[in-house]
Amino acid sequence: KAGVTQTPRYLIKTRGQQVTLSCSPISGHRSVSWYQQTPGQGLQFLFEYFSETQRNKGNFPGRFSGRQFSNSRSEMNVSTLELGDSALYLCASSLGRTSGRGPEQFFGPGTRLTVL
Amino acid sequence: TQLLEQSPQFLSIQEGENLTVYCNSSSVFSSLQWYRQEPGEGPVLLVTVVTGGEVKKLKRLTFQFGDARKDSSLHITAAQPGDTGLYLCAGALWGAGSYQLTFGKGTKLSVIP
């Protein structure tokens with residue numbers, strides 16, 4: 001079974017530009033979550049999509065948005081990039097069912113975004 | 001806001017030594033997960049603990065969930081260079097069909113041959 005794939009793996013942008021990152025979940029997984037990872041703040045939750053609906057959202061400004069398609073693939077968009085948006089952006093997929101053990105998430109390798 | 005504090009932040013040890021990593025919170029989580037992340041890759045789930053006082057063993061790794069479900073520890077026996085990586089704990093809260101994971105900032109472990 002193929003794992004979670006993210007494209008592109010590396011991206012360099014300048015301040016003020018916008019960027020779109022893509023995530024293809026494991027086949028059969030309906031939930032996709034996005035995280036931002038930086039050395040200073042660690043892994044921070046951005047949002048989660050399940051069956052094309054945003055089910056949960058972290059504490060990030062409205063410049064960060066996402067969507068999920070009918071095939072469960074997901075994209076996240078960051079508009080008006082700032083230097084502080086430089087980070088590793090990770091997506092994780094899961095079956096999305098609530099259980100007592102919590103989500104079993106499988107992470108992709110991430111997209112390394114550098115904002116100059 | 002639920003926060004997870006991990007300690008130590010960095011750990012460098014010789015091969016064969018034992019070590020313990022701690023994950024503490026002032027909040028109660030429904031479950032707690034441990035991940036390992038290697039450079040250039042995403043985190044990989046190692047274990048999920050759910051019950052207060054639960055102890056799980058994964059080869060040389062022992063995970064414990066505190067009785068009050070606010071803290072957890074990871075103990076590695078006879079560390080090997082292959083154990084090198086970033087260890088992350090994450091607390092899970094769910095309800096009404098949704099969930100959210102709160103991550104600690106991680107412990108960066110280096111095992112020197």
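In what follows, chains are A, B, ... by sequence order, proteins preceding strands, each numbered from 1. Quick caveat: nothing in here was measured; it's all calculated off a predicted structure.
Using modelled atom types, one finds a donor on one side chain and an acceptor on the other under 3.5 Å when comparing Thr14(A) with Gln17(A). When only modelled atom types and interatomic distance are considered, Ser94(A) and His29(A) share no side-chain donor-acceptor pair under 3.5 Å.
Contacts between Gln37(A) and chain B at a heavy-atom distance below 4.5 Å involve the side chain alone, from C-beta outward. For Leu86(B), the part sitting under 4.5 Å from any heavy atom of chain A is the side chain, from C-beta outward, and nothing else. Heavy atoms of Gln100(B) lying under 4.5 Å from chain A belong to its backbone as well as its side chain.
Residues of residues 106-116 of chain A that come within less than 4.5 angstrom of chain B, heavy atom to heavy atom, are Phe107(A), Gly108(A), Pro109(A) in numerical order. Contacts with chain B (heavy atom to heavy atom, under 4.5 Å) involve these residues of residues 76-93 of chain A, listed by number: Leu88(A), Leu90(A).
Of all non-hydrogen atoms in Leu95(A) and Gly28(A), the two that sit nearest each other are CD2-O, 3.8 Å. Summarising the geometry of Val32(A) relative to Ser72(A), their closest heavy-atom pair is CG2-O, 3.6 Å, with the distance given to 0.1 Å. The two residues Thr107(B) and Pro8(B) come nearest to each other via the heavy atoms OG1-O, 2.6 Å.
Annotation: Gln9(B), atom CD; neighbour count of heavy atoms from other residues, nucleotides and ligands within 6.0 Å does not exceed 12.
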Report task. Please test Arg60(B) against Asp83(B) for side chain to side chain contact (heavy atoms under 4.5 Å, CB included), starting from the C-alpha separation and ending with a verdict. Result -> CA-CA 10 Å; Arg60(B) 295 176 293 101; Asp83(B) 296 328; 2.9 Å; yes
Query raised in the report: Hey, mind stepping through Phe103(B) and Tyr35(B) against ring pair (Phe, Tyr, Trp, His ring centres under 6.0 Å) and telling me if it holds?
Result: CA-CA 10 Å; Phe103(B) 280 83; Tyr35(B) 291 80; 5.5 Å; yes
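The only option from Ser33(A), Ser74(A), Ser31(A) that meets the side-chain hydrogen bond (donor to acceptor under 3.5 Å, both in side chains) definition with Glu48(A) turns out to be Ser31(A).
Between the side chain of Gln68(A) and the main chain of Arg30(A), a donor-acceptor pair closer than 3.5 Å is present. Remark: the backbone N or O of Gly106(B) is paired with a side-chain donor or acceptor of Gln6(B) at under 3.5 angstrom.
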